[in-house]
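So you know, we letter chains A, B, ... as the sequences are listed, proteins then strands, and number each from 1. Only a predicted model underlies this, so the values are computations on that prediction, with no experimental measurement involved. Worth knowing before you read on, the calculation uses all heavy atoms, side chains too, and leaves out hydrogens, waters and symmetry mates.
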There are 2 protein chains.
Amino acid sequence: MNRHSNSDRNPLAEGGNHALSLGQRIRQYVLSRIDSGEWPEGSRIPSEAKLVDLLGASRMTIHIALRDLSAEGVLLRKQGAGTFVAPRRHQSTFLELRNIHAEIIGRGNLHTTNVLSLESQISDLASATELNVPPGTTVFHAVLVHRENDRPIQIEDRIVNPQFAPEFMKQDYTTTTPNEHLMENGPLEEVEHVIQAVLADASNASLLELEVGDPVLLLRRRTWSRGMIATSARLYHPGMRFSLAGRMKVHR
Amino acid sequence: MNRHSNSDRNPLAEGGNHALSLGQRIRQYVLSRIDSGEWPEGSRIPSEAKLVDLLGASRMTIHIALRDLSAEGVLLRKQGAGTFVAPRRHQSTFLELRNIHAEIIGRGNLHTTNVLSLESQISDLASATELNVPPGTTVFHAVLVHRENDRPIQIEDRIVNPQFAPEFMKQDYTTTTPNEHLMENGPLEEVEHVIQAVLADASNASLLELEVGDPVLLLRRRTWSRGMIATSARLYHPGMRFSLAGRMKVHR
DNA sequence: CCGGCGAAATGGTATATACAACTTAATACA
DNA sequence: TGTATTAAGTTGTATATACCATTTCGCCGG
């Protein structure tokens with residue numbers, strides 16, 4: 001069989017993926033079509049046979065790639081019917097919490113942000129440990145209050161590894177969120193969460209429009225990317241009004 | 001090639017799995033060896049070639065099955081070295097929280113339980129909604145305090161769907177946990193979590209040896225099994241001393 | 001005793017083939 | 001027009017083969 005019977009132009013060559021295996025390139029091909037919106041949620045993607053013609057790989061190779069994506073929940077496959085882009089599971093797991101902006105917009109509400117502070121600082125032992133960088137390293141520090149229809153719903157107290165996001169300080173966080181900017185700097189590889197119930201201190205109470213001593217949910221989240229700790233955030237939520245919820249399938 | 005060159009006895013036939021595909025049976029074979037302890041954590045399992053001889057399936061079929069289990073984190077595979085049983089990820093995701101008994105034992109501490117109440121009751125609207133059963137149905141209700149080295153660390157306030165676990169009331173929860181009993185009644189299919197920060201009321205404060213008004217983490221957990229809501233639990237943790245932590249890999 | 005080298009073992013990837021199972025749409029028939 | 005049948009299209013599974021990449025370990029020589 002001629003592997004390039006349709007065309008000598010092979011679509012599997014977007015952006016320096018030379019080191020990837022064929023299966024991985026097929027995977028990236030599919031994912032990029034989905035991310036770009038070319039293949040929207042729920043739409044049917046080309047059949048295995050068509051992808052064979054299109055990409056010049058054997059059907060088994062393509063089958064395995066699609067099978068993996070299906071196992072990960074990216075695609076839905078139905079024998080006899082076709083392969084479809086799976087609907088984005090919105091609230092699957094709070095560990096996969098979408099950014100707060102998307103959440104608020106998704107509820108049809110207005111999202112605004114106050115930037116309380118945004119500065120580079122020399123890391124003390126605590127913040128250095130948190131980011132796993134040497135003490136004395138410069139780190140970025142931001143404190144923001146997120147509002148939904150002008151009501152404060154989250155304090156975001158974040159330190160950022162400058163090596164990961166050197167442009168972090170130059171962004172305008174009234175129009176974009178730190179999360180959005182950070183996502184551009186590298187793929188999210190791992191997330192760590194710690195959740196605690198704490199009491200609002202004077203500062204938090206004032207910012208969240210609570211009384212001192214009200215219960216507050218503290219979510220500490222660290223994210224790994226490109227092999228380093230990219231950022232560590234402390235997210236304070238008013239515990240009475242807000243909760244973190246998620247549902248997930250159980251395997252095994 | 002003779003698929004049964006070693007023996008006519010095929011190990012892939014344990015307990016009514018006639019309807020399963022060969023790949024699924026290989027999967028079950030591996031999982032049951034792990035669950036039974038025959039292949040302990042960290043141990044090396046037979047190579048693909050040996051499994052070919054042992055199970056009579058082709059290498060590709062076995063490879064795919066092991067590959068899937070590797071993707072799910074059950075196995076670890078290293079090219080050139082072998083396939084190993086992955087260490088049980090203890091704190092991977094708090095959504096997969098092991099039962100509290102295993103956690104405490106795992107820390108080398110003593111776990112004791114006080115049963116404060118254990119009764120069947122007619123469900124009111126709230127509890128009926130929680131379990132998705134008709135109001136007026138009989139449901140089981142248990143309240144327990146878990147202690148680690150005699151220090152109270154969790155209040156478990158649980159309602160149970162009798163249709164799921166009819167023997168729930170007959171268990172001795174000083175020697176077993178509700179969770180353990182429930183696990184025997186069916187496979188866990190789905191879990192829903194809601195986390196909130198609340199203030200300890202008089203009852204909670206007394207049970208957890210806190211002051212009234214101390215912050216408490218409330219974890220509400222509902223589990224689905226055999227197509228119904230099996231149980232709904234309210235788990236109270238002292239928020240200052242305890243937190244829920246988890247780390248997970250991110251896909252896509 | 002140590003180091004280097006190579007063979008053997010092991011998993012990783014890709015392909016071609018065959019058939020089974022299921023879905024959908026077109027077709028033929030009453 | 002409605003229904004049953006058929007055909008085509010699609011994914012699911014299993015196999016045999018080939019070659020590649022990495023690891024491990026024993027052997028041999030210094």
Side-chain angles (χ1 to χ4, degrees), chain A residues 1-6 10-13 17-30 39 42-86, chain B residues 1-6 10-13 17-30 39 42-86:
Chain A
M1 171 202 173
N2 180 359
R3 293 183 34 190
H4 293 159
S5 52
N6 54 329
N10 192 319
L12 294 179
N17 41 16
H18 41 284
L20 292 182
S21 70
L22 178 51
Q24 287 299 308
R25 275 179 291 155
I26 295 170
R27 178 193 175 81
Q28 294 304 331
Y29 175 84
V30 172
W39 295 348
S43 68
R44 207 181 120 173
I45 79 170
S47 70
E48 295 184 354
K50 281 182 191 130
L51 288 173
V52 166
D53 285 346
L54 201 60
L55 306 180
S58 81
R59 193 201 142 202
M60 276 310 294
T61 306
I62 286 171
H63 176 81
I64 296 284
L66 298 184
R67 186 175 182 276
D68 286 350
L69 288 171
S70 171
E72 291 169 30
V74 177
L75 298 176
L76 289 173
R77 318 194 74 202
K78 211 171 147 197
Q79 189 174 141
T83 303
F84 306 83
V85 179
Chain B
M1 170 200 174
N2 181 356
R3 293 183 36 190
H4 293 159
S5 52
N6 54 331
N10 192 318
L12 294 179
N17 41 16
H18 42 283
L20 293 181
S21 70
L22 178 53
Q24 287 299 308
R25 275 178 293 157
I26 295 169
R27 177 193 176 80
Q28 294 304 330
Y29 175 84
V30 173
W39 295 349
S43 68
R44 207 179 122 176
I45 79 170
S47 70
E48 296 186 351
K50 282 182 192 131
L51 288 173
V52 166
D53 283 348
L54 201 59
L55 306 181
S58 82
R59 191 197 146 205
M60 276 309 294
T61 305
I62 286 172
H63 177 80
I64 296 283
L66 298 183
R67 187 176 182 273
D68 287 349
L69 288 172
S70 171
E72 292 168 31
V74 177
L75 297 177
L76 289 173
R77 318 194 75 200
K78 212 171 148 197
Q79 191 173 137
T83 303
F84 305 84
V85 178

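Proximity of B/Arg77 to the phosphate of C/dG12: a side-chain N or O atom is located under 4.0 Å from OP1 or OP2. Phosphate contact (OP1/OP2 of C/dG12, side-chain N/O of A/Ser21, threshold under 4.0 Å): absent.
In this structure, the nucleotide among C/dT10, C/dC22, D/dA16 sitting nearest to the side chain of A/Gln79 is C/dC22.
A/Ser47 comes within 4.0 angstrom of sugar-phosphate atoms only, judged by non-hydrogen atoms across all strands, and of no base.
Each of B/Thr61 and B/Ala81 lies near DNA chain D, and the nucleotide nearest B/Thr61 is the one positioned closer to the 5' end. With DNA chain D read from its 5' end, the first of the two nearest nucleotides for B/Gly23 and A/Lys78 is the one closest to A/Lys78. Both B/Lys50 and A/Ile62 lie close to DNA chain C; mapped to their nearest nucleotides by heavy-atom distance, the more 5′-ward contact belongs to B/Lys50.
Under a 4.0 Å N-O distance rule, the pair A/Glu48/A/Arg67 does not qualify as a salt bridge.
Between A/His63 atom NE2 and A/Asp68 atom CG the span is 9.5 Å, to the nearest 0.5 Å. In this structure, A/Ile26 CD1 and A/Gln24 CD are separated by 9.5 Å, a value rounded to the nearest 0.5 Å.
The CD1-P distance, from B/Ile64 to D/dG12, rounds to 13 Å in whole Å. One atom, CD of A/Glu48, and another, C1' of D/dT11, lie 6 Å apart when rounded to the nearest Å. When rounded to the nearest whole Å, the span between CE of B/Met60 and C1' of C/dA14 equals 8 Å. Summarising the geometry, the separation between CG on B/Leu22 and P on C/dC19 is reported as 18 Å, rounded to the nearest angstrom. The interatomic distance linking B/Arg59 (CZ) with D/dA16 (P) rounds to 13 Å, in whole Å. Residue B/Leu76 contributes atom CG, which lies 16 Å from atom C1' of D/dT23 at whole-angstrom precision. Per the geometry, NE2 belonging to B/His63 stands 14 Å off C1' belonging to D/dA18, to the nearest Å. Atom pair B/Asp68:CG and C/dG11:C1' shows a separation of 15 Å (rounding to whole Å applied).
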For this session: Kindly determine whether A/Arg77 and A/Thr83 satisfy side chain to side chain donor-acceptor pair (under 3.5 Å), including the steps that lead there.
Result: CA-CA 4 Å; A/Arg77 318 194 74 202; A/Thr83 303; 3.2 Å; yes

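At a threshold of 4.5 Å between non-hydrogen side-chain atoms, the residues A/Leu22 and A/Leu55 do not count as touching.
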